[in-house]
Amino acid sequence: MINLLKTMLLGDSMIIKCVFPDRLIQDPVIYQVGYEFDVTTNIRQAKVTSDMGWVILDILGEALEVQKSLEWLADKGIDIQIIKEEDII
């Protein structure tokens with residue numbers, strides 16, 4: 001995953017879709033990633049229900065910090081998909 005992320009970083013930002021397992025729906029994960037790493041997040045779209053949640057995020061920061069933040073999210077069990085700008089409605 002690390003090498004893929006390095007090649008897909010656009011400058012110092014990335015657009016991703018995070019799909020959360022139900023056990024993390026109530027946790028402030030987006031806040032935590034911004035607190036733990038030197039990144040800024042911007043929510044573009046999101047949907048949360050009682051048993052699932054997804055969010056499309058801009059993650060901005062130095063490439064290494066963005067990479068570490070994505071690894072941290074994946075380690076929590078969040079499914080991460082790289083999104084292209086033209087795929088966002």
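Note that the coordinates shown come from a computational prediction; the quantities given were computed from them, not determined experimentally.
Annotation: the span from Leu57 atom CG to Thr41 atom OG1 amounts to 6.0 Å, rounded to 0.5 Å. Note that CZ of Phe37 is 14.0 Å distant from CD of Glu62, once rounded to the nearest 0.5 Å. Note: Asn42 CG to Arg44 CZ = 7.0 Å, rounded to the nearest 0.5 Å. Taken to the nearest 0.5 Å, the CD1 atom of Ile15 stands 13.5 Å off from the CD atom of Gln81. Distance CG/Asp58 to OG1/Thr40: 10.5 Å, rounded to 0.5 Å.
The cluster map of Ile, Leu, Val, Met, Phe, Trp and Tyr, joined by side-chain heavy atoms under 4.5 Å apart, puts Leu24 and Tyr35 in different clusters. Ile59 and Ile43 fall within a single hydrophobic cluster, where Ile, Leu, Val, Met, Phe, Trp and Tyr side chains are chained together by heavy-atom contacts under 4.5 Å. A single hydrophobic cluster is not seen to contain both Ile16 and Leu60; linkage of ILVMFWY side chains at heavy-atom distances under 4.5 Å, directly or through other members, places them apart.
Here the side chains of Trp72 and Val29 are in contact, with some heavy-atom distance below 4.5 Å. Side-chain contact between Ile30 and Gln32 is absent, with no heavy-atom pair separated by less than 4.5 Å. No side-chain heavy atom of Phe20 sits under 4.5 Å from any side-chain heavy atom of Met52. You'll find the side chain of Val66 stays beyond 4.5 Å of the side chain of Ser13, heavy atoms only. Contact of the Cys18 side chain with the Ile78 side chain is registered, since non-hydrogen atoms from C-beta on lie closer than 4.5 Å. Residues Met14 and Leu70 have side chains in contact (heavy-atom distance under 4.5 Å, counting atoms from C-beta outward).
The local environment of CG in Asp79 is crowded, with over 12 non-hydrogen atoms from other residues, nucleotides or ligands closer than 6.0 Å. Surrounding CD of Gln26 are at most 12 heavy atoms belonging to other residues, nucleotides or ligands under 6.0 Å away.
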* To do: For the pair Lys68 and Glu65, evaluate salt bridge (Lys or Arg N to Asp or Glu O under 4.0 Å) and give the outcome as yes or no after the intermediate values.
  => CA-CA 5 Å; Lys68 289 191 305 188; Glu65 287 296 302; 2.9 Å; yes

